[in-house]
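Owing to the predicted nature of the structure, the values given are computational and were not obtained by experimental measurement.
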Amino acid sequence: MDKWRDSVTRLLDAAGLARRLNDEKFIILKPNLVEALEPPITTPVELVETLVEYLQQYAPHCRIAVGEGTGAINYDTFHCFDSLGYTGMAERKKIELIDLNVETCSKRENPACSRWPEFYLPVILDTAFLLSVPVLKAHSLSDVTLTMKNMMGCAPPQHYRRGNSWGKSAFHDQIEEAIFDLNRYRAPDFTLLDATVGMAEAHLWGRHCDPPVGLLVAGWDPVAVDSYGASLLSRKWQDIGHIRFGHKVLGRAEPLELVDL
């Protein structure tokens with residue numbers, strides 16, 4: 001955890017996160033635990049624990065939880081929590097773990113959404129400050145999986161699983177539109193992106209970035225974060241549908257206002 005502490009503190013202080021949390025009561029940290037596989041495929045528990053410690057120090061009035069909904073079909077999200085060290089971390093820090101796959105959901109409607117004119121999301125997200133903690137990864141279908149795609153963990157399998165396939169498989173149809181529409185219903189409020197290593201080819205397999213990217217990235221604008229993240233993987237945001245759709249709707253892909261700490 002010590003290796004993260006200085007970087008996380010300086011980054012979140014510069015972003016003004018603590019000040020923005022003054023009026024919040026409940027924070028959900030949303031890592032990427034798509035499968036029970038070790039980082040950099042998934043978000044390292046040490047990074048999330050450092051983030052929890054920061055929040056407990058600077059927003060002690062807030063209830064804190066880690067929420068995720070794995071896409072795996074052979075086990076539930078708590079298996080990911082157990083396998084990847086989140087259960088022990090939550091016990092040490094006295095925070096909650098939430099399986100978003102089984103939470104009570106409500107239906108939302110937005111006729112402007114072409115892929116999902118109606119959508120089901122966990123009710124618990126309505127009153128929470130949603131802090132996304134994704135990993136820098138390429139993806140075979142959507143080109144990248146960063147903070148906007150990380151929101152797929154919020155989609156309940158009872159509505160978005162097709163047949164015997166993985167838990168969010170309905171997203172594979174028109175995946176770029178599907179990711180964009182999901183974020184129109186619920187985008188992250190803030191992002192801390194782990195770009196310390198990076199997956200160069202795909203989200204579950206393939207080579208790591210070489211050399212490792214060696215960065216943490218934070219921001220309030222999910223489109224800007226994803227635009228910058230795409231550039232770290234040598235992709236152009238204009239070629240990535242969900243970032244292009246989100247530009248000037250959910251945020252701005254450019255111009256990027258970067259602060260290098």
Side chains of Thr77 and Thr70, donor plus acceptor under 3.5 Å: no
Show me the donor-acceptor pairs within less than 3.5 Å that the side chains of residues 167-182 make with the rest of the protein, sequence neighbours left out.
| from | atom 1 | to | atom 2 | distance (Å) |
| --- | --- | --- | --- | --- |
| Lys168 | NZ | Gly69 | O | 3.2 |
| Lys168 | NZ | Asn101 | OD1 | 2.7 |
| Lys168 | NZ | Gly153 | O | 3.4 |
| Lys168 | NZ | Ala155 | O | 2.6 |
| Ser169 | OG | Arg162 | N | 2.6 |
| Ser169 | OG | Trp166 | O | 3.1 |
| His172 | NE2 | Trp166 | NE1 | 3.4 |
| Asp173 | OD2 | Arg162 | NH1 | 2.6 |
| Glu176 | OE1 | His242 | N | 2.9 |
| Glu176 | OE1 | His242 | ND1 | 2.6 |
| Asp181 | OD2 | Ser114 | N | 3.3 |
| Asp181 | OD2 | Arg115 | N | 2.7 |
| Asp181 | OD2 | Trp116 | N | 2.8 |

Check whether any side-chain heavy atom of Ile98 sits under 4.5 Å from a side-chain heavy atom of Glu103, and report yes or no. yes
Checking Tyr185 side chain against Tyr120 main chain: does a donor-acceptor pair fall under 3.5 Å? no
Check: Thr87 and Leu97 side chains under 4.5 Å, non-hydrogen atoms: yes
Considering only NZ, NE, NH1 and NH2 on the basic side and carboxylate oxygens on the acidic side, decide whether Glu109 and Lys107 come within less than 4.0 Å. yes
Test salt bridge (Lys or Arg N to Asp or Glu O under 4.0 Å) applied to Asp126 - qualifying residues, sequence neighbours left out: Arg108
As a quick check of understanding, evaluate side chain to side chain contact (heavy atoms under 4.5 Å, CB included) for Leu12 and Phe190, giving each step before the final call. CA-CA 10 Å; Leu12 300 185; Phe190 186 81; 3.6 Å; yes
Sequence neighbours excluded - side chain to side chain donor-acceptor pair (under 3.5 Å) pairs with any residue from residues 14-41: Lys30-Glu68, Lys30-Asn150, Glu35-Tyr75
Partners meeting salt bridge (Lys or Arg N to Asp or Glu O under 4.0 Å) with Glu257 (sequence neighbours left out): none
Do Ile240 and Ser142 touch side chain to side chain, with heavy atoms closer than 4.5 Å? no
For residues 55-64, which residue pairs pass the side chain to side chain donor-acceptor pair (under 3.5 Å) check, not counting sequence neighbours? Arg63-Glu96
Side chain to side chain donor-acceptor pair (under 3.5 Å): which pairs involve residues 197-219, sequence neighbours left out? none
Could you walk me through whether Phe81 and Asp76 pass side chain to side chain contact (heavy atoms under 4.5 Å, CB included), step by step? CA-CA 9 Å; Phe81 288 149; Asp76 65 12; over 6 Å; no
Carboxylate-amine/guanidinium proximity below 4.0 Å for Glu53 and Arg5: yes
List the steps and the verdict of salt bridge (Lys or Arg N to Asp or Glu O under 4.0 Å) for Arg10 and Asp6. CA-CA 6 Å; Arg10 287 190 294 118; Asp6 180 61; 3.1 Å; yes
Evaluate Asp221 against Leu250 for side chain to side chain contact (heavy atoms under 4.5 Å, CB included), listing each step before the verdict. CA-CA 8 Å; Asp221 181 335; Leu250 298 171; over 6 Å; no
Minimal non-hydrogen separation, Val144 against Leu233, with atom names: CG1-CD1, 3.9 Å
Has Thr42 got a side-chain atom pairing as donor or acceptor with Leu37's backbone, closer than 3.5 angstrom? yes
Tell me, do Asp194 and Leu136 make a side-chain contact under 4.5 Å, heavy atoms counted? no
Trace of the side chain to side chain contact (heavy atoms under 4.5 Å, CB included) decision for Ile28 with Val66: CA-CA 5 Å; Ile28 293 179; Val66 173; over 6 Å; no
